[in-house]
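Notes for the one structure printed next.
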Protein chains: 2
Amino acid sequence: MKSWVEVPQNSDFPIQNIPFGIFKTPTLGARVGVAIGDHVLDLAILHQEGFLEGFNLPERVFFQPFLNDFMALGKDITTAVRVRIAEILEEHNPELRDRADMRAHVLFRQDEVQMQMPVQVMNYTDFYSSEQHARNVGTMFRDPENALLPNWKHLPVGYHGRASSILVSGTPFHRPKGQTKADHTDLPAFGPSRLLDFELEMAFITCRENQLGDSLSTSEVDDYVFGFVLFNDWSARDLQKWEYVPLGPFLAKSFASHISPWVVTLEALDAFRMAGPEQSPEVLPYLKDEGQAHFDVHLEVGLQPKNQQETIISQSNFKHMYWNYRQQLAHQSVNGCNLKVGDMYASGTISGPEPSSYGSMLELSWRGTQPIKLMGGEERKFVQDHDTIIMRGYAEKEGVRIGFGEVMAQVLPAKQ
Amino acid sequence: MKSWVEVPQNSDFPIQNIPFGIFKTPTLGARVGVAIGDHVLDLAILHQEGFLEGFNLPERVFFQPFLNDFMALGKDITTAVRVRIAEILEEHNPELRDRADMRAHVLFRQDEVQMQMPVQVMNYTDFYSSEQHARNVGTMFRDPENALLPNWKHLPVGYHGRASSILVSGTPFHRPKGQTKADHTDLPAFGPSRLLDFELEMAFITCRENQLGDSLSTSEVDDYVFGFVLFNDWSARDLQKWEYVPLGPFLAKSFASHISPWVVTLEALDAFRMAGPEQSPEVLPYLKDEGQAHFDVHLEVGLQPKNQQETIISQSNFKHMYWNYRQQLAHQSVNGCNLKVGDMYASGTISGPEPSSYGSMLELSWRGTQPIKLMGGEERKFVQDHDTIIMRGYAEKEGVRIGFGEVMAQVLPAKQ
């Protein structure tokens, strides 16, 4: 299937993708759009002009600053709307293709629009579900012989994070300040973090509530998941080391996280499902999952110093997870915790088996002992001021590429 | 100052209090009200009828299911509105007092209305700021000689919690299920938590945003704090023990927390300010606070088995904190983390120096080794199915009592 909208080779957004996002233009307020090739299709106007009849859509559902209201309509409707959009964009369909006046109203070039946060994040959980990452961290900070803690293979370890500071790609932020304590001193010091790091993650967004007290089975999860984004879980390693006992990471994470602006639907990813690793020891019944719930998504991380070229410093894959999204959400709700429309659940750092596929500077530079060489000749142990970190991801099979675009952000110096 | 509305002796809600909440009736939708004696004053109708002119209030600001829009008007306005409400209720003011028809429209008995969640909780942090509680837990689970971890006196330890499952007083909930592991076994088991506990806490609610990257000083915090509620941070101790390393409590906390429905303003508590304990070692400059930021609020916890009388099992006081709310919010934002209108920040378990003032069953029964005797003859190590936990709090000075009402909730058996 092809679209009458031109889709350049290697575009992340062919007609098979149709990811949802929020955009605005210099003259138009925030609204829902989908990406097609290098363009954005304005669903607010498309609906106003009668192209999306038959779904009983609320009149203003696309004139919104977040996708939450649209997602809350439920998968039956949102999936049908996505199918209808593909129909409108299909190369042989003249409905919109042959109406130049209308096309000029509803199709924007992506470089003309400004992407916004796609969802209002209601609750945010960060998991810790890549075995290689957990082993790397455990080896560095605890005991190489017992790198995984006893609970790790029995449950998808996770913690609640800060929703307010999740930002859309492109939003610069300041290096965080905070308390750190050197091993050789008794007292902590205050100042800008010196060990700023990224974490390569993906995150899914929920589109349905459950009742407090009810638990989801792994087989029910797909009805609750709208789609995925790329996620950069910025981490201040020196703040984290001092603050995190006994209640977990706090200010080391809450200063900023970034996501890619286009939410790629679970349906668009269906063709890229695969089995995960065999889980041994056997998991408890509520965590068992019969289907294929891992995804073959190629991931890469680039580091670009100011006014220099970008170096790809990591190439990983979303398939390198131990726990999958169905297990994560079943676990999240097994105690009766209620889900909301707009919750975000991040995977945890996605590190593959090879050192070149590790998903953080901490691991890539092995705690700063093996500096990373950049194309321009500089080295990095951690992220420096004015560096930009760019993460990209796509799945590809039989000539069809379903991509996530990118999540990028530049680090500004700490505020005075 | 007195009100023409009758205020019974020992009422939590004299004219000096005027706490804000959300209520509905069998025939009226959710709206903003204030408590006065045994009554609720309907601000939505009061405003509609012209009693709150001069503040430039949006027309529908009190016809809302949450206080967030009202709080977001800012302290200058919300404080002036509260002063105006006290003026209307003052015993010598005939404006409303002498209009029986109007009174019938705007005054409801509290037992006629149903209280709702007062705020939409945007972000939720739980601190760990009572030294006695941290010492008790450290003594039980780690080392009595080194009960406090090295960071504890240098920063107000806290973690992000789950916002979706914060419930208003009176909402029953089910005992959570989850993974636990006994010391003598290798494998975890799945089932209802057997060590369900409460935690006696208070929480403050923010009413103002700051920009991402900006930090609040302790002297700025009061402009960001709307008021306080009682907070019951339910905890499943057996789930917590197995899951919490290395990233902190997760499902052990996220199944339910309860708050009292009336938000007592910071201004109402001004008369009860006091100095906190001397902090030694000296804290870093960003945590220094010149003013009196502790509050003398008497707290108690009752346990009521089904169809039996209530036993008061703890009497504590909010003054038994090491870190105060100004230090907590300055710490939360020192890394540039942005605050939202409607964030909730809980104190952590408030345990006083005496065993009778401990703020959790874990401490009161000393990990189950010293069962608590109840009036009806039963004993408790932890909370049982059908038990109701009730927390109450009030400040009192020179004949004026500013109370919080209560937060109560009954535990239902785990769902099948």
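Residue numbering restarts at 1 for every chain, and letters A, B, ... go by the order of the sequence lines.
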What distance separates Leu247(B) CG from Leu247(A) CG, expressed to the nearest 0.5 Å?
11.5 Å

I need the residue from Ala252(B), Pro192(B), Ala134(B), Gly161(B) with the largest number of non-hydrogen atom pairs under 4.5 Å to chain A.
Gly161(B)

Would you sort out whether Ser165(B) and Leu212(A) count as a side chain to side chain contact (heavy atoms under 4.5 Å, CB included), showing the intermediate values?
CA-CA 7 Å; Ser165(B) 51; Leu212(A) 187 91; 3.8 Å; yes

No-hydrogen, no-angle side-chain donor-acceptor test under 3.5 Å, Asn335(B) and Ser254(A):
yes

Please report the C-alpha distance between His331(B) and Leu251(A) in whole Å, then the side-chain angles of each, then the deciding distance to 0.1 Å, and finally whether the side chain to side chain contact (heavy atoms under 4.5 Å, CB included) criterion is met.
CA-CA 8 Å; His331(B) 184 63; Leu251(A) 302 192; 3.4 Å; yes

Look up atom OH in Tyr244(B) and atom CG in Leu149(A), then write down how far apart they are to the nearest 0.5 Å.
10.5 Å

Please look at Asp343(A) and chain B and tell me whether the side chain, the backbone, both or neither of the residue comes under 4.5 angstrom of a heavy atom of that chain.
side chain

Parallel, tilted or perpendicular: ring planes of Trp242(A) versus His154(B), cut at 30 and 60 degrees
tilted

Nearest heavy atoms of Lys340(B) and Arg162(A), plus distance in Å
N-NH2, 4.3 Å

So OG of Ser333(B) and NZ of Lys177(A): to nearest 0.5 Å the spacing works out to 10.0 Å

Heaviest contributor of heavy-atom pairs below 4.5 Å to chain B, chosen from Pro188(A), Gly336(A), Ala414(A), is Pro188(A)

What's the separation between atom CZ in Phe250(A) and atom CZ in Phe127(B), rounded to the nearest 0.5 Å?
4.5 Å

Interatomic distance, Leu155(A) atom CG to Phe190(B) atom CZ [nearest 0.5 angstrom]:
11.5 Å

Approximate separation, where rounding is to 0.5 Å, of Leu284(A) CG and Leu187(B) CG
8.5 Å

Heavy-atom distances under 4.5 Å only: say whether Glu209(B) touches chain A with side chain, backbone, both or neither.
neither

Which bit of Tyr286(A) comes within less than 4.5 Å of chain B, counting heavy atoms only: side chain, backbone, both or neither?
side chain

Close aromatic pair by centroid cut-off 6.0 Å: Tyr159(A) and His160(B)
no

Between Thr125(A) and chain B, which part of the residue has a heavy atom less than 4.5 Å away: side chain, backbone, both or neither?
side chain

Which one wins on heavy-atom pair count under 4.5 Å against chain A: Lys181(B), Lys415(B), Gln179(B), His174(B)?
Gln179(B)

